[in-house]
Chemist: 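Sharing a structure here in structure tokens format.
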Amino acid sequence: MAVRAAGVVHRDIKPANVLLGRGRPFLIGFGIARAVRDPRHTQTGTVIGTPGYLAPEQATGAVAAAPADVFSLAAVLVYAATGRSPFLARGEQLELPGLLYRIVHEEPLLDGVPHELLALVGECLAKDPDRRPTAEEVLARVGAAGEEWSGAVSPDLVADVADREAALRGTLAEPRPPARPFAPAAAPPQPSFGPVPVAPMPPSTAPGTPLPHPPAGSPRRAGPPRRPVRGRHGDAALRSLPGRLAEGLAAAHDGDGIAELLRTVLGGPADLDAVMIYSLTAAGSLELTGSAGIDEALAERWRRVPPLTGIAAHEAIAGRRALWLEDPAQDARRYLLIGDPPDRWPARAWLPVPGDGDGPPRAAIGFLRAHPFPFAADTRALLRRAARLCAGPLGAPERPGDADGAGAEATSVQRILEALAGSAILLTPLRSPTGEVEDYRIDAAAPESVDVAGRRGKELVGRRVLETYPTVAGTALWDGYLDTLTTGTAYEGEPFTYEEVVAGLPRRSVYSVRASRLADRLVVSWIRHDTGEREARRLADMQRLGSLGWVGWDLVTDTVTWSDQVYAVFDRDPREGPMTWEELPRHLLPEDLPVLGEAIRRLLGEGEPVDQPFRIATAHGVRHLRIVAEALTDADGTPVEVHGFFQDLTAQHDVELALRESERAVLLQRGMLQAERALAARLQDTLLPIPEQSLELAGLCVDVAYVPSDSGINVGGDWYSAIELPDGSALFVVGDVAGHGLAAVGTMAQLRFTTKGMAITGSALPDVLRRLNTLLLHTASDPSATATATMVMARYQPWDRRLVWVRAGHLPPLLVRGGRAAFLEQPRGSLLGASSEASYGRAVIDLLPGDHLLLYTDGLVEEPGEDIGTGLDRLAAATVRLLREGRGESLARMLAALCTGNRDDICALDIHVPEDAPDADTARRRP
């Protein structure tokens, strides 16, 4: 938080830069830190940070802003908990390109991280910087534990720090005689000390184990151990060494020869065990061009070093100064030490080799000692003079192609590429000792070749592909290169998107790449797709069809860009040019100005996206528009560019108005229909009351059921009637009027009351049907919409238990006798209201005690898509089953309840002759 408050991005948070103090931990190593608004944050093509702890955007050379520090902090927390980087397994060693690939593309290894920190650490290690929490959010979730540090720190650590501080004060108080150049020293001079850090925990120590504390009474070292120089030489002998070295350099042919010469000539006098020579490539990486005294495996592992921080050879070249690394514990905190193990050489010196004239150094020499004592002043002077002597053979810039003896071929290809238009380069594969391709070097480039960072032509020559474009590793492009190199088949990949960072803003470009083999190399060409005529035409058609147009505002230059369609959206003459922010409010309707103004202020001030409708006044009336825009921000989060579109929603608004009017009409119609249904239901309830229990008429038990349909809002025309006539007989009627609603209810009432009236007056049943048919034919208000109905009517005489019945297009009654069900034979009789020529017959049946006769409407048996016969069979079976189960008293209601989800009204009438009913002779003796 202190770093954030100071407006600084550290860019190199790692375990070596965290010191554990008695009062609190300290963050050091601000050598590559930058202010938040420093323009160097936006530079691309340079990898800044320490491997294993840098963020993906640092590994790809993109913007390293505040989120990068959050990523590195999480990596350090993983180290504190597990003793390793989150991208390396315990004890694993990985070459730098492979480690960078893991950081960019693979998920971290979080085994061993405490459960309470696991979620937070995972979020901080997100690949996308925008998805990581801020430092303030991390602090809020972890809690401010600074006050608890003194209680959590190990007592051994407190004692160790106190001893180091005391030793440091004593060392600084000692007198320090001046050193004499080339004079033998009885003891090495005291080094200059900065803050003394605590020694790091050994890798084998388990997380959470207290730091080791020396035994009581043992001396504590405040600096490197003092040890006399191994070899003693006089001034004359030392002065002769540069001459011998110069003679040997004249005969040296390569870097390994120079390294061996330095080790042979200077090994004894300077007490050297190994020498390493690194040359700076055009891509900014280091190439091991010579070594002596180190094994092949270590040399191969460190042969190529990307442009990372924490590399002493890099720092020596960049800073043009010698580095004397004489305290392994302190040096390990600042640098990535070469060696297996890293403390193999406790003392080492890195000296830059001067460049041509006043040019910058192009190489560095490392002098390595296997014994932990510092370099004396005369030894330092000797090594500096040796580095200057190596300026001739080592200081010249790298010549691409010479390393493999094929410089003439690369030169010939370069001459050909000079005459070509477009982007094309020559790639030379760089192979491991086993023959596998590890990387490619650009040895020739056409003048018009331009990469994603804007480097052109010969600026590309000498660069390595993985060091310059690390995210290419493992992609289809990389595999295509290998396939072409192996088989000779030309590679033509699909267009792919590559993201670059320019001026702090991410830009995406689409490329098509072609590669072909030339001897043992690759000739690669590419096309950067920009918007052509076809794409522009499609964009224009899309804008026209969508009634929208794109806009762009450059907030730095205060310029506005409109597409042609925006002028049509605003009904504006293109000769007037785009409308500025200041002019836009003059065209808005006053009531829309506050809302849109607030949205625009958030967009320009905070970079918040906008999606806001508004209205403008034009010469042709009011238009309904919509703005959708977002801001691009710089590394500090300040909006620098806005892009989006305006859309004309006037036609859509008119359609919405028409739709709302239609919805109001539908709601009104629905209300009318609901009122009609309610009225019809009340009428039906008044006209057709349903008894709550069985009736007793003429010695019969009658069960009635009526169930309205489950669908629709209309009331149906099903009805029944069960009354006793003046002569003691009983009349039973079940009818079904076609249709629904008030008309059906009215027809039902007309039929019901007319039937009852004619039956009471003594009319024969066939005559009743004929007159009802005539009634329906002549009472319709609309001849084209004549009402129709079906009906079954029966008259029961209790004195002889005889039932006379008629039908008009209705389903047959069901008789259940002796446990068997059968439908009665039907007399003739057509639909009421269908024809004036209709005739109606009658049928007679004598009922017996125990009989059930069921009259019903079609809603009880019909199912969509099913034959009516199937429904009748189902009704018969269900009736017999219910009677066997002893549920005959409410047979009609039980049958109606079986019909769930009925689409039509159901009306049923069960006529039951009791078992104890009097016989016919007894019934005739009426009083």
Side-chain angles (χ1 to χ4, degrees), residues 547 591 613 615 621-622 624 626 648-692 704-721 734-753 775-776 779-791 809 831-834 856-866 868 871 892-893 895-908:
S547 297
E591 51 267 34
R615 295 168 295 172
V622 175
H624 296 259
R626 173 195 182 199
D648 188 353
L649 303 178
T650 304
Q652 178 179 337
H653 180 263
D654 294 342
V655 172
E656 291 176 353
L657 286 179
L659 180 61
R660 283 196 291 269
E661 291 296 331
S662 177
E663 289 177 347
R664 281 195 289 268
V666 169
L667 290 176
L668 178 61
Q669 181 68 19
R670 180 179 297 175
M672 294 176 61
L673 292 175
Q674 290 176 342
E676 180 181 335
R677 177 178 174 83
L679 176 60
R682 287 195 295 271
L683 285 174
Q684 188 179 51
D685 186 61
T686 302
L687 299 174
L688 190 65
I690 305 300
E692 297 181 357
V704 180
Y706 177 82
V707 180
S709 63
D710 289 342
S711 61
I713 62 172
N714 293 317
V715 177
D718 289 20
W719 61 281
Y720 81 96
S721 183
V734 170
D736 186 0
V737 177
H740 293 80
L742 289 177
V745 173
T747 302
M748 178 267 291
Q750 189 178 44
L751 292 176
R752 186 169 185 265
F753 290 115
L775 178 66
L776 292 184
T779 56
S781 58
D782 183 1
S784 63
T786 303
T788 59
T790 66
M791 183 187 298
L831 189 72
L832 296 177
Y856 54 91
T857 58
D858 55 2
L860 191 64
V861 295
E862 283 186 342
E863 289 290 342
E866 182 181 76
I868 188 64
R893 283 172 285 178
L895 289 171
L898 296 177
C899 301
T900 58
N902 51 299
R903 295 176 175 83
D904 198 1
D905 296 344
I906 296 175
C907 185

Chemist: Let me confirm one number: the OH-SG distance from Tyr856 to Cys907, rounded to the nearest 0.5 Å.
Modeler: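 It is 12.5 Å, given to the nearest 0.5 Å.
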
Chemist: Would you check if Asp905 and Thr857 make a side-chain contact, meaning some heavy-atom pair closer than 4.5 Å?
Modeler: no

Chemist: Please determine whether side-chain contact (heavy atoms from CB on, under 4.5 Å) holds for the pair Val737 and Leu751, giving the CA-CA distance in whole Å, both sets of side-chain angles, and the decisive distance to 0.1 Å.
Modeler: CA-CA 9 Å; Val737 177; Leu751 292 176; 3.9 Å; yes

Chemist: Within the structure provided, determine whether Arg893 and Tyr706 are in side-chain contact (heavy-atom separation under 4.5 Å).
Modeler: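 Sidechains of Tyr706 and Arg893: no contact.
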
Chemist: Run the numbers on Cys899 and Leu860 for side-chain contact (heavy atoms from CB on, under 4.5 Å), then give the verdict.
Modeler: CA-CA 7 Å; Cys899 301; Leu860 191 64; 3.8 Å; yes

Chemist: Passes side-chain contact (heavy atoms from CB on, under 4.5 Å), Arg615 versus Glu591? Steps please.
Modeler: CA-CA 9 Å; Arg615 295 168 295 172; Glu591 51 267 34; 2.9 Å; yes

Chemist: I need the Tyr720 OH to Met748 CE distance, nearest 0.5 Å.
Modeler: 10.5 Å

Chemist: Got Glu663 and Val666 here, is their nearest side-chain heavy-atom distance under 4.5 Å?
Modeler: no

Chemist: CD/Gln750 to CG/Leu775 distance, rounded to the nearest 0.5 angstrom?
Modeler: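 The CD atom of Gln750 sits 4.0 Å away from the CG atom of Leu775.
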
Chemist: Return the minimal non-hydrogen interatomic distance between Val707 and Ala896, and the atom names on each side.
Modeler: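 Distance-wise, the nearest heavy atoms are CG2-CB, 3.9 Å.
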
Chemist: Would you please test Leu776 and Thr788 for side-chain contact (heavy atoms from CB on, under 4.5 Å) and show each step?
Modeler: CA-CA 7 Å; Leu776 292 184; Thr788 59; 5.8 Å; no

Chemist: Given 3.5 Å as the limit, does a donor-acceptor pair link the side chain of Arg752 with the main chain of Ser721, or not?
Modeler: no

Chemist: To the nearest 0.5 angstrom, please state how far the CG atom of Leu649 sits from the NE2 atom of His624.
Modeler: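 Here the rounded value is 9.0 Å.
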
Chemist: Tell me the closest heavy-atom pair linking Ala892 and Ala908, and the distance in Å.
Modeler: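 Minimum heavy-atom separation between Ala892 and Ala908: CB-O, 3.9 Å.
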
Chemist: Can a side-chain donor-acceptor contact be found between Thr790 and Asp736 if the only test is distance below 3.5 angstrom?
Modeler: no

Chemist: Look up atom CD in Glu862 and atom CD1 in Ile868, then write down how far apart they are to the nearest 0.5 Å.
Modeler: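 Reported value, rounded in 0.5 Å steps: 4.5 Å.
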
Chemist: Would you indicate whether the side-chain heavy atoms of Asp718 and Ile906 approach each other to under 4.5 Å?
Modeler: no

Chemist: If I take atom CG from residue Leu657 and atom CD from residue Gln652, how far apart are they, to the nearest 0.5 angstrom?
Modeler: 11.0 Å

